[in-house]
Amino acid sequence: MSAESSRCAEFWRGVRATFPLVVGAIPFGIIFGALAVNSGLSAAAAAAMSAFVFAGSSQFIAAGLVGGGAGALLIVMTTLVVNLRHALYGVTLAPHMKHLPQRWLAPLAFWLTDESFLVVVERYRQPDASPYKHWFFLGSALFMYTNWQLCTWIGVFAGRTLPDPGGWGLDFALIVTFIGMITPGLRSRPVAMSALVAGATALLLAGLPNRLGLMGAALAGVLAGALTERWMAAHRAEPLAPPTAERLPPP
Amino acid sequence: MIWNEIILVTGMAAVTLLIRWPPLALASRVALPQPVVDALKFIPPAVLAAIVVPAMLTPNGTLDVHPSNAYLVAGVASGLLAWRTRNLLATILFGMIFFLIWRRLW
């Protein structure tokens, strides 16, 4: 296969892998647009936020804060905290993307969302040595981005005619997307332990402002997973490892 | 768009890019210790669980373990389907329909 056709193939693979996540993001984008205009943002500001910030949960919270009369500084600081998890995603992807120039890294970083991160990290972990996995990322990112813009506009128009978008129940779409992504992986014991500890810690820290608890819970979960993995490796290695010449007692 | 909104959107865009870009930009210059690299694979399940568990159990800010909590019931039902089928699209569609119906019923 020529280089160009492999790039193209990776791009469309990224688009296809992201399709279910786009379905889950559609309702979320629509409620964002509707919520934004209902909480007093102009249609242009709602569209600009989706175009230039492109971070669903923080846009959602910002719309809520605008509705509550909060100032720009508080909203920007809240955005910072809510989006801190993207730094974790960046750190995870970084070892795979070392070879890329900044003209690739900057736009891909801008387009880094929960959804694209999840499919892209899976792609990077597949053992094949394709040098074009960043094209997969690009396909995933552009699909998510285009969809997010369209859904925001739909929401902006729907929100002008339909009141109380928060009550439509569309917010469950994001939750079920994440449930669908997390559940199959729970067959691995370290992953299950990681999710359990993160979930429990998030409940305990739910009182902290601005979703700071989310970061604490995520870090606790990562630590729990890593420790479980080490503990399992240590306890599996001894009884199961086949005896080797060095381990046999001297005659 | 008024000035307030321009400042707001610019500020949000700036802090978000400042979080997303540096970890990728510095990738070629910083080598992470191996135990850290090994632990990175737990970031997706940990972050997702930290978002999903409170959203299901405390949808209105307080603990709500009751069949009338559609987030919890539909969340568990979707989780079971995802466990059995591993089909993400089917899980999302089923979960949303189940959620909307369950909320009507209660």
Side-chain angles (χ1 to χ4, degrees), chain A residues 20 23-24 41-42 44-45 48-49 52-53 55 58 62 72 75-76 79-80 83-88 90-95 97-98 102 105-106 109-110 112 118 121 169 172-173 175-185 191 194-195 198-199 202-203 206 214 217-218 221-222 225-226, chain B residues 1-2 4-5 7-17 19-28 30 32 35 37-58 63 70-71 74-75 78-79 82-83 86 88-89 91-93 95-96 99-100 103:
Chain A
V23 172
L41 274 174
S42 68
M49 216 182 257
F52 299 118
V53 182
S58 65
I75 300 176
V76 170
T79 304
L80 177 80
N83 289 338
L84 269 182
R85 68 187 186 287
H86 291 112
L88 296 178
V91 172
T92 308
L93 291 173
M97 302 174 72
K98 272 190 254 196
Q102 295 299 335
L105 292 177
F110 168 73
L112 186 59
L118 290 164
V121 77
F172 186 69
I175 301 168
V176 73
T177 302
F178 289 170
I179 290 174
M181 302 238 41
I182 196 178
T183 310
V191 171
S194 170
L203 275 182
L214 174 61
V222 169
Chain B
M1 222 170 15
I2 48 171
N4 256 343
E5 292 182 333
I7 293 169
L8 175 66
V9 173
T10 310
M12 287 177 68
V15 293
T16 304
L17 192 62
I19 296 163
R20 283 170 168 170
W21 193 11
L24 287 183
L26 300 175
S28 54
V30 183
L32 293 171
V37 175
D38 289 340
L40 291 178
K41 62 173 170 292
F42 297 108
I43 286 178
V47 173
L48 294 192
I51 295 174
V52 161
V53 170
M56 282 169 62
L57 287 171
T58 61
L63 194 65
Y71 290 88
S78 316
W83 177 273
R86 299 174 188 245
L88 183 56
L89 186 59
T91 302
I92 292 169
L93 295 175
M96 287 172 62
F99 175 83
L100 292 173
R103 230 174 45 141

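Just so we're on the same page: letters track the sequence lines, and every chain starts at 1.
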> Using the ring of each side chain (for Trp, its six-membered ring), is B/F99 parallel, tilted or perpendicular to A/F172, with breaks at 30° and 60°?
Replying inline: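 Answer is parallel, since the angle falls under 30°.
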> So, for B/A13 and A/V53, which heavy atoms are closest and what is the spacing to 0.1 Å?
Replying inline: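 Taking B/A13 first and A/V53 second, the nearest heavy atoms are N-CG2, 3.6 Å.
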Counting only non-hydrogen atoms closer than 4.5 Å, does [X] touch chain A with its backbone (N, CA, C, O), its side chain (CB onward), both, or neither?
X: B/I92; value: both
X: B/A14; value: neither
X: B/L93; value: side chain
X: B/L26; value: neither

To the closest 0.5 Å, what do you measure between [atom1] ([X]) and [atom2] ([Y])?
X: A/I179; Y: B/L88; atom1: CD1; atom2: CG; value: 11.5 Å
X: A/F52; Y: B/T10; atom1: CZ; atom2: OG1; value: 8.5 Å
X: B/T58; Y: A/L203; atom1: OG1; atom2: CG; value: 6.0 Å
X: B/E5; Y: A/L41; atom1: CD; atom2: CG; value: 5.5 Å
X: B/L24; Y: A/M97; atom1: CG; atom2: CE; value: 5.0 Å

>> Using the ring pair (Phe, Tyr, Trp, His ring centres under 6.0 Å) criterion, which residues pair with A/F178? Sequence neighbours excluded.
In response: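 Applying ring pair (Phe, Tyr, Trp, His ring centres under 6.0 Å) to A/F178 gives none.
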With a 3.5 Å cut-off and sequence neighbours excluded, list the donor-acceptor pairs that the side chains of residues 40-53 of chain B form with protein atoms.
residue : atom : partner : partner atom : Å
B/K41   : NZ   : A/E229  : OE1          : 3.1
B/K41   : NZ   : A/E229  : OE2          : 3.0
B/K41   : NZ   : B/D38   : O            : 3.0

>> Show, in sequence, the C-alpha distance, side-chain angles and deciding distance for A/Q102 and B/W21, and conclude whether the side-chain contact (heavy atoms from CB on, under 4.5 Å) test is met.
In response: CA-CA 10 Å; A/Q102 295 299 335; B/W21 193 11; 3.2 Å; yes
>> Heavy-atom cut-off 4.5 Å, strictly under: side chain, backbone, both or neither for A/A206 against chain B?
In response: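 Nothing of A/A206, per the 4.5 Å heavy-atom cut-off to chain B.
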> Heavy-atom distance under 4.5 Å to chain B: side chain of A/L118, backbone, both or neither?
Replying inline: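 For A/L118, the contact with chain B is made by the side chain alone.
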>> Walk me through whether A/N83 and B/R20 qualify under side-chain contact (heavy atoms from CB on, under 4.5 Å).
In response: CA-CA 8 Å; A/N83 289 338; B/R20 283 170 168 170; 5.7 Å; no
